[in-house]
*Asks:* 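Below are the structure tokens for one structure; questions will follow.
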Amino acid sequence: MNSAEAFAAIALAAVACDGSLGRDEAHALRAQLEYRSLYSSSSEADMGDLFDQLLHRLRDQGVNWLVDEALPVLTLPQQKSALAVAAHLAHADRTVTEEESAFLESLSKQMALPEGEAASILVAIEALNRDSLDA
């Protein structure tokens, strides 16, 4: 697994961890990846192939396997970005399920981030996605 596959694997795991992949989540997943430098030279067909491979692995081995395979491939800055993207994707359908919260907590613990940094990322992304007009 290379870094582009690993980053996409974390993002896919975030949207699939609750057992469903909704339209809003799929759209957000695509939007989060398409402007990143890891994928800037990838064609539609390349991205389709990447997700076909990842979805196959997800079906065969599950979310935890995807994460376990992907994290060691990512650098520390890539892990920080992957966590932020995963948190953002968990909010994509405007509802964070218990499964998504548990996934983000588990992902945070598996990363080699400095003390408190993962929690800060999750709080910032939650604030970004909160509709303050509803408060």
Side-chain angles (χ1 to χ4, degrees):
M1 186 176 283
N2 63 35
S3 58
E5 292 168 331
F7 195 89
I10 298 294
L12 178 61
V15 296
C17 70
D18 63 356
S20 67
L21 178 57
R23 184 176 186 218
D24 289 343
E25 291 173 320
H27 178 70
L29 174 60
R30 180 182 171 108
Q32 283 296 312
L33 297 183
E34 67 184 9
Y35 76 92
R36 296 185 182 277
S37 61
L38 285 175
Y39 312 99
S40 62
S41 64
S42 298
S43 68
E44 288 286 327
D46 292 338
M47 292 302 286
D49 289 345
L50 171 62
F51 279 103
D52 284 347
Q53 292 171 9
L54 291 175
L55 285 166
H56 181 72
R57 291 177 186 174
L58 175 67
R59 281 190 293 271
D60 288 350
Q61 263 100 31
V63 168
N64 292 333
W65 183 89
L66 270 182
V67 171
D68 291 345
E69 291 296 309
L71 277 180
V73 176
L74 299 174
T75 65
L76 190 59
Q78 289 171 332
Q79 286 187 17
K80 290 178 190 180
S81 293
L83 179 60
V85 166
H88 184 69
L89 291 170
H91 288 271
D93 61 359
R94 296 169 210 58
T95 303
V96 178
T97 66
E98 288 181 32
E99 293 90 354
E100 289 167 330
S101 291
F103 171 80
L104 292 172
E105 183 177 326
S106 174
L107 181 62
S108 297
K109 290 178 181 176
Q110 288 179 265
M111 292 185 166
L113 301 180
E115 182 73 30
E117 193 160 348
S120 295
I121 291 169
L122 296 178
V123 167
I125 298 301
E126 181 180 345
L128 176 69
N129 285 282
R130 184 180 307 118
D131 187 351
S132 60
L133 298 175
D134 290 341

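Fair warning: this is a prediction, and the values are worked out from it, not measured in the lab. Values below: every heavy atom of this structure, side chains too, minus hydrogens, waters and symmetry copies.
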*Asks:* For residues Ala90 and Leu104, report the shortest heavy-atom separation together with the two atoms involved.
*Replies:*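 Minimum heavy-atom separation between Ala90 and Leu104: CB-CD1, 3.9 Å.
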*Asks:* Identify whether Val123 and Met111 are in the same connected component of the hydrophobic contact network (ILVMFWY, side-chain heavy atoms under 4.5 Å).
*Replies:*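 No.
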*Asks:* Indicate the atoms forming the closest heavy-atom contact of Tyr39 with Leu33, along with that distance.
*Replies:*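 Closest approach of Tyr39 to Leu33: CD1-O, 3.2 Å.
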*Asks:* Could you tell me which residues satisfy salt bridge (Lys or Arg N to Asp or Glu O under 4.0 Å) with Glu99, sequence neighbours excluded, listed by chain and number?
*Replies:*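 Glu99 satisfies salt bridge (Lys or Arg N to Asp or Glu O under 4.0 Å) with no other residue.
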*Asks:* Residues in side chain to side chain donor-acceptor pair (under 3.5 Å) with Ser43, at least two apart?
*Replies:*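 Per chain and number, Ser43 pairs via side chain to side chain donor-acceptor pair (under 3.5 Å) with Asp46.
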*Asks:* Is there a donor-acceptor pair under 3.5 Å between the side chain of Gln79 and the backbone N or O of Leu113?
*Replies:*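 Checking the backbone N and O of Leu113 against the side chain of Gln79, no donor-acceptor pair under 3.5 Å is found.
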*Asks:* If you round to the nearest 0.5 Å, how far is CG of Leu83 from NE2 of His88?
*Replies:*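 One finds 13.5 Å between NE2 of His88 and CG of Leu83.
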*Asks:* Report the distance from atom NE2 of His91 to atom CD of Glu126, rounding to the nearest 0.5 Å.
*Replies:*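 His91 NE2 to Glu126 CD: 5.5 Å, rounded to 0.5 Å.
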*Asks:* Are any non-hydrogen side-chain atoms of Val85 and Arg36 less than 4.5 angstrom apart?
*Replies:*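 Contact flag for Val85/Arg36 side chains = yes.
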*Asks:* Determine all donor-acceptor pairs shorter than 3.5 Å in which one atom belongs to a side chain in residues 54-61; sequence neighbours excluded.
*Replies:*
from: His56; atom 1: NE2; to: Asp60; atom 2: OD2; distance (Å): 2.9

*Asks:* Specify the closest pair of heavy atoms between Met47 and Ser42, including all atoms of both residues, with the distance to one decimal.
*Replies:*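 Smallest interatomic distance, heavy atoms only, reads SD-CB, 3.8 Å.
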*Asks:* May I have the step-by-step check of side-chain contact (heavy atoms from CB on, under 4.5 Å) for Asp18 and Phe103, ending in yes or no?
*Replies:* CA-CA 9 Å; Asp18 63 356; Phe103 171 80; over 6 Å; no
*Asks:* Checking Glu44 now: which residues fulfil side chain to side chain donor-acceptor pair (under 3.5 Å) with it, not counting sequence neighbours?
*Replies:*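 Side chain to side chain donor-acceptor pair (under 3.5 Å) list for Glu44, sorted by chain: Arg30.
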*Asks:* Donor-acceptor pairs are to be reported for all side-chain atoms of residues 1-17 against protein atoms at under 3.5 Å, with residues two or more places apart or in another chain.
*Replies:*
from: Asn2; atom 1: OD1; to: Ala4; atom 2: N; distance (Å): 3.0
from: Asn2; atom 1: OD1; to: Glu5; atom 2: N; distance (Å): 2.8
from: Glu5; atom 1: OE1; to: Asn2; atom 2: N; distance (Å): 2.8

*Asks:* Where is the tightest heavy-atom contact between Val96 and Ser101, given as atom of each residue plus distance?
*Replies:*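 Where Val96 meets Ser101 most closely, the heavy atoms are CG1-OG, 3.4 Å.
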*Asks:* Identify all side-chain donor-acceptor contacts of residues 63-75 below 3.5 Å with residues at least two apart in sequence or on another chain.
*Replies:*
from: Asp68; atom 1: OD1; to: Gln110; atom 2: NE2; distance (Å): 2.9
from: Thr75; atom 1: OG1; to: Gln78; atom 2: N; distance (Å): 3.2
from: Thr75; atom 1: OG1; to: Gln78; atom 2: OE1; distance (Å): 3.3

